[in-house]
Enquirer: 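My questions all concern the structure below.
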Amino acid sequence: MSLANRNLVTIDNISNGEIEALFSVADEMADSINEQSGLCQGKIMANLFFEPSTRTRLSFEAAMLRLGGRVITAVDIGATSLAKGESIADMAKVVGSYADIIVIRHPWEGAAKVVADYAGIPVINAGDGSHEHPTQTLCDLYTLRKERQTIKNLRIALWGDLKHGRTVHSLIYALARFGATILFYPGPGLEIPEHVLKRLSTEYKGELQRCGALNQELKGSVFPVDAIYMTPSSPHQLTMLPDVNIQVELEAGVDALYVTRLQKERQSPTAEQQELKKNYPVVDKKLLTGKEFKKTLVMHPLPRVDELAYEVDADPRSMYFKQAAYGVPVRMALLALLLGAKDVAIPKADDSFARKVDYPVYKRDSGVKCLNRNCVSNQETETKYIKPEFKIVSFDPLTLRCIYCEHELEPQYIASSEWHQGKLENKKYHSANSHWVRKIKPENLIIFPSEKEAQAHQFKPSAWNRQ
Ligand code: CP
C-alpha cells in the first residue's frame with residue numbers, strides 16, 4: 001500500500017504501519033535536511049489557514065521549501081471569495097487546479113473532509129474546529145518514539161481543555177491504537193466529549209473506567225484523573241477490583257504529561273469563560289516534584305498561555321520545543337509520501353489494539369441533521385450541496401455518527417422504505433426503541449428526528465407510538 005495521492009483528514013486515514021514507515025522517512029529527512037531539495041521540485045503546496053497558526057503553517061511551508069517545492073498561501077477568510085459566500089467545495093475545486101497538494105485549517109468541524117471530497121488532489125487537515133489535528137499527532141507520536149522507542153504500554157496523561165482540544169482528540173485514537181494507557185485530567189467543565197469516550201470504549205480493545213468518586217478518596221495523594229483508558233496488555237485489568245487497580249495504575253506514574261491550553265476561541269467570552277480560566281490546572285515545577293512525574297516527559301502542542309509555567313522550560317523532561325521542531329522533518333516526510341515523490345516499504349505493525357468495524361451508512365433526506373452547530377454540514381453556504389450523512393454505530397440505542405464532525409445523536413423515530421404489502425395504510429413509523437430497529441434491514445431504514453417529520457413524509461404512527 002502506498003501513501004501517494006492519499007488524504008490525511010483524520011488520524012484514522014493512516015495505519016500504524018504507515019505511521020512507522022513515515023517516521024523512518026522523517027528520520028532520513030532530519031539526518032539530511034539540506035539534501036532534499038530535489039524531491040518535490042516543480043510541486044506546489046496550497047496552504048489555506050483560516051485560523052491563526054505559527055507552528056503548523058510555518059513548518060509545512062519550511063518542509064515544502066526544504067523539499068524544493070513552492071508554496072501559495074491564503075491566511076484570511078476575509079481576503080478569499082469565501083467571504084463573498086463561495087462554498088468550500090467550489091474553493092477546493094479551484095485550488096485543486098492550481099496546486100499539487102492542499103493543507104487546510106478551518107474553524108468548522110468537517111471542513112477538511114469537504115475539501116478532500118472536492119479538491120481532486122491530496123488534502124491534509126491542519127486542524128478543523130475542535131475535531132482533529134492529525135499532523136500534530138504525528139509530531140507527538142514521533143517525539144514519544146524518539147524518547148521512549150515505543151508507544152506500546154506507555155502511560156500518557158492528557159491535561160487541560162480535553163473538550164475542545166483537537167490535538168488531544170486525534171492523539172487519543174492513535175495512542176489507543178498503539179496500545180498505550182491514557183489518563184484523562186481535564187480542567188473543570190472541560191471533560192473529553194462523550195462521543196470520543198464512547199468511541200474509545202467500543203472501537204479499541206482496552207477498558208474505560210470513570211474515576212470521579214475514587215478521586216475524592218485519593219485527593220492529594222496521587223495524580224487525580226477523571227477517567228482512565230487501560231490498554232489490554234496492561235498488567236492491571238479493571239474488571240476485577242476496578243478501584244484497587246485504578247489506584248495501582250495511578251501510583252505507577254506517567255510516561256508523558258500532555259498539557260493543553262484553554263481553547264478560548266471555541267467559547268463565547270462570558271463569565272463562564274472567566275470561571276474556566278480561574279480553575280484551569282497549571283503544570284509547574286512544584287507539581288513535577290511528585291513521585292509519579294519523576295520520569296515524565298512534559299509535552300504540549302503549543303501555543304501555551306498560562307497552563308505551563310516558563311520555569312519548566314529548563315527541565316530536561318520538557319519536550320514541547322522538540323515536538324515543534326520535529327514538525328519540519330515529519331511534515332517533509334508526509335508531503336514527500338503523499339506527493340509520491342518518495343516511496344517507502346510499509347512494515348507490518350501491531351494493529352491488534354483496535355477492532356475493525358464496518359458500520360452501515362445512513363444517507364437519506366428524512367430531516368435528520370447533525371446536532372453540532374459548528375459542523376460543516378450545518379453551515380448555510382454548504383447545505384446547498386452537502387447532504388447529512390451518518391454511520392449507524394449502534395442499534396441499541398439507535399445512534400448515528402456524523403461523517404463530517406463525528407458527533408453522535410440518538411434519533412427517536414424510524415420507518416422502513418418497504419412498508420408491508422406496499423399498501424399506504426401500512427406506511428407506519430415506530431419508536432427507535434422498539435423491536436423494529438432490528439427488524440428493518442439497515443438499507444431500508446428511514447430515520448426521523450421527530451414525529452412531525454415522520455408525518456411530513458406521510459408516515460402514520462404505529463400502534464406502539466399511539467399508546
Ligand atoms: N500546535 C499547533 O497547531 O500550533 P499552531 O496553532 O501554532 O499551528
Side-chain angles (χ1 to χ4, degrees), residues 8-11 13-14 19 22 26 45-66 71 73-77 101-112 115 123-144 146 156 158-175 190 256-267 283 297-308 310 312-313 318-335 374:
L8 184 65
V9 171
T10 76
I11 197 67
N13 294 146
I14 185 165
I19 290 175
L22 185 142
M45 177 180 84
N47 231 10
L48 311 177
F49 273 72
F50 301 136
E51 275 192 337
S53 170
T54 298
R55 275 145 294 273
T56 315
R57 178 161 84 88
L58 296 180
S59 63
F60 263 116
E61 287 194 14
M64 193 54 169
L65 296 174
R66 294 248 181 223
V71 182
T73 304
V75 291
D76 175 11
I77 276 191
I101 192 161
I102 294 176
V103 181
I104 171 96
R105 171 170 289 188
H106 197 286
W108 293 340
E109 286 146 40
V115 176
V123 171
I124 300 171
N125 180 7
D128 57 336
S130 297
H131 179 218
E132 284 217 30
H133 190 349
T135 67
Q136 179 62 49
T137 292
L138 294 177
C139 299
D140 302 337
L141 297 179
Y142 188 72
T143 309
L144 284 169
K146 281 263 174 222
I156 315 292
L158 305 179
W159 176 284
D161 188 349
L162 307 189
K163 183 174 178 183
H164 304 103
R166 56 194 173 200
T167 63
V168 287
H169 299 160
S170 295
L171 183 59
I172 285 167
Y173 302 132
L175 290 175
L190 297 164
L257 179 58
Y258 191 91
V259 188
T260 60
R261 73 182 166 93
L262 177 65
Q263 305 268 307
K264 67 176 179 4
E265 68 274 32
R266 313 255 174 252
Q267 293 139 15
V283 171
L297 306 172
V298 182
M299 299 177 73
H300 195 310
L302 301 179
R304 78 171 134 187
V305 189
D306 300 317
E307 68 288 346
L308 177 58
Y310 279 78
V312 180
D313 295 5
S318 72
M319 286 293 127
Y320 27 98
F321 291 111
K322 267 192 187 175
Q323 267 168 279
Y326 288 145
V328 176
V330 166
R331 291 179 171 116
M332 282 173 81
L334 182 64
L335 290 171
N374 203 39

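Quick caveat, the model's predicted, so the values are computed rather than measured. Just so you know, residue 1 is the first one in the sequence shown, and it goes up from there. Start at 1 and go down the list; that is how both ligands and their atoms are numbered.
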Enquirer: Going by the order shown, which atoms of ligand 1 are within less than 4.0 Å of some heavy atom of Gln136?
Expert: 1 (N), 2 (C)
Enquirer: Note the single closest protein heavy atom to atom 4 (O) of ligand 1, along with its residue, its atom name and the distance in Å.
Expert: Arg55 NE, 3.1 Å
Enquirer: Give a yes or no on whether Lys322 atom NZ has more than 12 heavy-atom contacts from other residues, nucleotides or ligands under 6.0 Å away.
Expert: no
Enquirer: Thr10 vs Asn125, test: side chain to side chain contact (heavy atoms under 4.5 Å, CB included). Steps then yes/no.
Expert: CA-CA 7 Å; Thr10 76; Asn125 180 7; 5.8 Å; no
Enquirer: Which residue and non-hydrogen atom of the protein lie closest to atom 7 (O) of ligand 1, and at what distance in Å?
Expert: Thr54 N, 2.8 Å
Enquirer: Are any of the N/O atoms on Arg57, whether in the backbone or the side chain, positioned under 3.5 angstrom from an N/O atom of ligand 1?
Expert: no
Enquirer: Under a 3.5 Å threshold, yes or no: a donor from one side chain and an acceptor from the other, between Gln263 and Ser130?
Expert: no
Enquirer: So does Arg266 pair up with Glu109, basic N to acidic O under 4.0 Å?
Expert: no
Enquirer: Is any N or O atom of Leu302, backbone or side chain, closer than 3.5 Å to an N or O atom of ligand 1?
Expert: yes
Enquirer: For ligand 1, which atoms, with element, lie under 4.0 Å from some heavy atom of Thr56?
Expert: 2 (C), 3 (O), 4 (O), 5 (P), 8 (O)
Enquirer: Can Arg105 be said to touch ligand 1, with heavy atoms closer than 4.0 Å?
Expert: yes
Enquirer: Run the side-chain contact (heavy atoms from CB on, under 4.5 Å) test against Arg304 and tell me which residues pass, sequence neighbours left out.
Expert: His300, Leu302, Glu307, Leu308, Tyr310, Asp313, Tyr320, Phe321
Enquirer: Who are the side-chain contact (heavy atoms from CB on, under 4.5 Å) partners of Ile77, not counting sequence neighbours?
Expert: Phe50, Leu82, His106
